[in-house]
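Below is one structure, written out as structure tokens, with a few remarks after it.
Numbers restart at 1 for each chain; the letters A, B, ... are given by sequence-line order, proteins then strands.
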Protein chains: 2
Amino acid sequence: MPANECPMDPLLRAVTGRWTTYILWLLANEGPVRFGELMGLMPKISAKVLTDRLRMLEKNGIVLREQKSTIPPEVSYQLTPQGRDLLGALQALNRVAREWERAGWSLDRGFPETAIQ
Amino acid sequence: MPANECPMDPLLRAVTGRWTTYILWLLANEGPVRFGELMGLMPKISAKVLTDRLRMLEKNGIVLREQKSTIPPEVSYQLTPQGRDLLGALQALNRVAREWERAGWSLDRGFPETAIQ
DNA sequence: GTAAGTAATTACCATTTAGTAATCAGTTAC
DNA sequence: GTAACTGATTACTAAATGGTAATTACTTAC
């Protein structure tokens, strides 16, 4: 399967997935944050998914992982310069979302995820 | 489950999903396009998924569906003004993607989709 | 020796999403 | 009467993703 049918697809995929944008948001607003802190800030995320997301963001150069090999270990995450670029671009989306909201629009998606519940 | 943990999440979800951004791209560049034409422009998409995407985009006011009740029917799709807003915001993401590319970055994601093949 | 503390990883199951193939409706052309 | 045309829908299967719970490693404190 061709990786991307659209130039913006790969980047969009890099920030999609449950919790991903929230993680970016938190890292942007809180600066370097430790793993356990992130867990606390997102009461319903699991360690597995948080780890998955951070690994993915790290692999894409969006997030930087720093580890102090103390016992117990201390690991913290922050946005890279690229991550900050990205967040800037995401704000453009956010502005559109807010304009729509102000104009009384709602994104009443047909995704099963929201439709069923 | 809380619908969104992050303000940009709902909008991001509205444009995510395989083929979605490509469809927006095509509608932006080709103007009104008929269903069958879209099928032709995306040789590997299935009618089911194309219909799903168009319905979702329509429900969100991003795409407008127009039907002439002739036999055989003629249905065409185009971006709404909101859809054009959205595409503008997506270009911001695209610009970031291109800058990264120019700088030799690659989004080497851990997604199975790309990792396996 | 056992619990606490941190940052995971693993095995497993449930839910979502994508994809395939068959079918429908209604009219025209053969 | 049967095939062609267009824009779907349906039932079904496969794959991806999300979530839970148990477990690991290493050291300090009790």
Which pairs would a plain distance check flag for residues 27-34 of chain B, meaning a side-chain donor or acceptor within less than 3.5 Å of a matching protein atom at least two apart in sequence or in another chain?
residue : atom : partner : partner atom : Å
B:N29   : ND2  : B:W25   : O            : 3.0

In this structure, CG of B:L64 is separated from CD of B:E58 (nearest 0.5 Å) by 7.5 Å

Of the listed C:dA7, D:dG19, D:dT9, the closest approach to the A:W19 side chain comes from D:dG19

To the nearest Å, how far apart are A:K48 NZ and C:dT9 P? 12 Å

Short of 4.0 Å, heavy atom to strand atom, which residues of residues 67-77 of chain B count as contacting DNA chain D? B:P72, B:P73, B:E74, B:V75, B:Y77

Please give, in whole Å, the distance from D:dT17 C1' to A:L50 CG? 16 Å

Using the side-chain hydrogen bond (donor to acceptor under 3.5 Å, both in side chains) criterion, which residues pair with B:E99? Sequence neighbours excluded. none

In the structure I gave you, are the side-chain heavy atoms of A:T16 and A:T21 within less than 4.5 Å of one another anywhere? no

Please report how far the helix from C:dG1-D:dC30 to C:dC30-D:dG1 bends, comparing the axis fitted to its first five pairs with the axis fitted to its last five, to the nearest 10 degrees. 40°

What donor-acceptor contacts under 3.5 angstrom involve side-chain atoms of residues 85-94 of chain B, with partners at least two apart or in another chain?
none

One should read off an interatomic distance between A:I62 CD1 and A:R53 CZ, to the nearest 0.5 angstrom, of 12.5 Å

Can you see if the side chain of A:R53 gets near the phosphate of D:dG18 - specifically, an N or O under 4.0 Å from OP1 or OP2? yes

What is the distance from CG of B:L41 to C1' of D:dG7, rounded to the nearest Å? 16 Å

Between B:R65 and D:dG7, is there a side-chain N or O to OP1/OP2 distance below 4.0 Å? no

Does C:dG19 have OP1 or OP2 sitting under 4.0 Å from an N or O in the side chain of B:R18? yes

Give, for atom CG of A:L24 and atom OH of A:Y77, the distance between the pair rounded to the nearest 0.5 Å. 14.0 Å

Please state how far atom CE in B:M39 lies from atom P in D:dG7, giving the value in whole angstrom units. 10 Å

Under 3.5 Å donor-acceptor pairs involving side-chain atoms of residues 67-76 of chain A, not counting sequence neighbours:
residue : atom : partner : partner atom : Å
A:Q67   : OE1  : A:R65   : NH1          : 3.1
A:T70   : OG1  : A:P72   : O            : 3.0

Between D:dG18 atom C1' and B:R13 atom CZ, what is the distance in whole Å? 11 Å

Heavy-atom side-chain contact between A:W19 and B:D9 under 4.5 Å: no

Output the rounded distance in Å from CZ (B:F35) to P (C:dA25). 18 Å

Take atom NZ of B:K44 and atom C1' of C:dG19, then tell me their distance rounded to the nearest Å. 13 Å

Within this structure, what is the CD-to-P distance between B:E37 and D:dC5, rounded to whole angstrom? 16 Å

For C:dA7, does either OP1 or OP2 sit under 4.0 Å from a side-chain N or O belonging to A:R34? yes

